[in-house]
Amino acid sequence: HNAQMLGLRGQQQALSAHALVQATLSKFPFPDPKQERCVQVQVENDFVFLGDAQQWQQALSNLLKNALDSLHHTKLHLEPGDLRIDIRSRGNKGRISVIDDGLPISRQVLPHVFEPYYSEGPAAGLGLGLPFCLQLARQAGGNMAIESDAVTGTVVHIYLPIATAAQQAESAAQKGQP
């Protein structure tokens, strides 16, 4: 699915980070209710950015899946807060962070996580999840960073420029067009 999404411009609209996270969680196919209960969303301050809702839900689902896979291989019992999604903004930048207390990504692997088809570890996928997220973030004028160690677990930050009032108004006007 990520492969199809790569390179798509998508429908640019004003998205609330918090609403996007909630929509993604409500549609996410949690294999186990315990996994759903371990997710906590913390909103310091919500923000609006321009992007395609469907593509961003896919991107966040990728990050959730990675985090849950990591937790699955690390912890027998999931506690609420083992996976946290943190939303905050400062100035004209917003940040969505996905934080998990699972197995850290090894130092050798960390520099390669945004390379397409680079996949590593017991739950390795096609290696398109993170490159897809990064491409979306960059398309929106933002960026991504990832930190991982035994103390903090793995933190994936998505940095996005906050949509200006004019961009938000234009997005709302476009929605009304047939």
Side-chain angles (χ1 to χ4, degrees), residues 1-8 17 20-21 24-25 28-32 34-45 47 49 51 55-161:
H1 198 78
N2 296 322
Q4 293 167 348
M5 302 284 244
L6 281 171
L8 291 187
L20 176 73
V21 165
T24 305
L25 287 171
F28 191 81
F30 287 99
D32 177 344
K34 285 196 204 78
Q35 290 189 329
E36 193 164 359
R37 283 197 298 273
C38 86
V39 181
Q40 285 184 340
V41 179
Q42 295 163 312
V43 184
E44 191 174 293
N45 28 19
F47 64 94
F49 67 99
Q55 289 181 352
W56 276 104
Q57 283 183 21
Q58 174 68 33
L60 287 178
S61 293
N62 293 337
L63 299 181
L64 280 173
K65 186 185 173 319
N66 290 353
L68 288 167
D69 285 346
S70 170
L71 285 168
H72 177 71
H73 289 280
T74 316
K75 295 198 149 194
L76 280 173
H77 302 289
L78 292 176
E79 305 291 327
D82 279 346
L83 202 175
R84 297 178 301 288
I85 301 174
D86 189 53
I87 298 166
R88 60 181 60 194
S89 60
R90 231 179 247 125
N92 60 355
K93 281 257 188 284
R95 188 180 85 191
I96 302 172
S97 305
V98 178
I99 305 146
D100 74 76
D101 296 335
L103 213 54
I105 299 168
S106 78
R107 262 196 217 110
Q108 293 77 20
V109 172
L110 207 53
H112 302 286
V113 294
F114 291 115
E115 292 170 18
Y117 305 109
Y118 185 91
S119 198
E120 187 69 27
L126 287 173
L128 288 173
L130 283 169
F132 170 65
C133 296
L134 179 62
Q135 184 179 349
L136 260 191
R138 285 186 173 155
Q139 250 171 240
N143 211 339
M144 278 182 75
I146 189 162
E147 302 155 31
S148 191
D149 61 54
V151 182
T152 49
T154 300
V155 185
V156 180
H157 296 298
I158 304 171
Y159 300 100
L160 293 163

J.: Is there side-chain contact between Phe47 and Lys93, with at least one heavy-atom pair below 4.5 Å?
T.: no

J.: Work out which heavy atom in His112 is nearest to a heavy atom in Gln108; give both atom names and the distance.
T.: CD2-O, 3.2 Å

J.: So, the side chain of Ser61 versus the backbone of Gln57: is there a donor-acceptor pair under 3.5 Å, distance only?
T.: yes

J.: Grab the two heavy atoms, one from Arg107 and one from Pro111, that are nearest each other, plus how far apart they are.
T.: O-CD, 3.2 Å

J.: Thr154 versus Val98: any side-chain heavy-atom pair under 4.5 Å?
T.: no

J.: Does a side-chain heavy-atom distance below 4.5 Å link Trp56 with Leu160?
T.: yes

J.: Quick one: list whatever passes side chain to side chain contact (heavy atoms under 4.5 Å, CB included) with Asn143, sequence neighbours left out.
T.: Leu134, Arg138

J.: Work out which heavy atom in Ala140 is nearest to a heavy atom in Pro161; give both atom names and the distance.
T.: O-CG, 3.0 Å

J.: Any donor and acceptor pair, going by atom type alone, linking the side chain of Asn45 with main-chain N or O of Ser89 inside 3.5 Å?
T.: yes

J.: Give, for atom CD of Glu79 and atom CD of Gln40, the distance between the pair rounded to the nearest 0.5 Å.
T.: 10.5 Å

J.: With side chain to side chain contact (heavy atoms under 4.5 Å, CB included) as the criterion, how do Ile99 and Thr152 come out once you've worked through the C-alpha distance, each side chain's angles and the decisive distance to 0.1 Å?
T.: CA-CA 8 Å; Ile99 305 146; Thr152 49; over 6 Å; no

J.: So do the side chains of Gln35 and Leu78 get within less than 4.5 Å of each other, counting heavy atoms only?
T.: yes

J.: Just verifying a value: how many Å separate Ile146 CD1 and Asn66 CG, rounded to the nearest 0.5 Å?
T.: 8.0 Å

J.: For a side chain to side chain contact (heavy atoms under 4.5 Å, CB included) check, start with the C-alpha distance between Phe132 and Gln55, then their side-chain angles and the critical distance, and finish with the verdict.
T.: CA-CA 9 Å; Phe132 170 65; Gln55 289 181 352; 4.2 Å; yes

J.: Tell me whether His157 at atom NE2 has more than 12 heavy atoms from other residues, nucleotides or ligands lying less than 6.0 Å away.
T.: yes

J.: Just verifying a value: how many Å separate His73 NE2 and Leu68 CG, rounded to the nearest 0.5 Å?
T.: 11.0 Å

J.: What are the two closest heavy atoms between Ala59 and Cys133, and how far apart are they?
T.: O-SG, 3.3 Å

J.: Could you check Thr24 against Ile85 for side chain to side chain contact (heavy atoms under 4.5 Å, CB included), going step by step and ending with a plain yes or no?
T.: CA-CA 11 Å; Thr24 305; Ile85 301 174; over 6 Å; no

J.: For Asp86 and Arg95: C-alpha separation, side-chain torsions, deciding distance, then whether side chain to side chain contact (heavy atoms under 4.5 Å, CB included) applies.
T.: CA-CA 8 Å; Asp86 189 53; Arg95 188 180 85 191; 3.5 Å; yes

J.: Supply the atom-to-atom distance Leu103 CG to Ser148 OG, rounded to the nearest 0.5 angstrom.
T.: 8.0 Å

J.: Drop me the distance from Phe30's CZ to Cys38's SG, to the nearest 0.5 angstrom.
T.: 7.5 Å

J.: How far does CG of Asp82 sit from OG1 of Thr74, to the nearest 0.5 angstrom?
T.: 9.5 Å

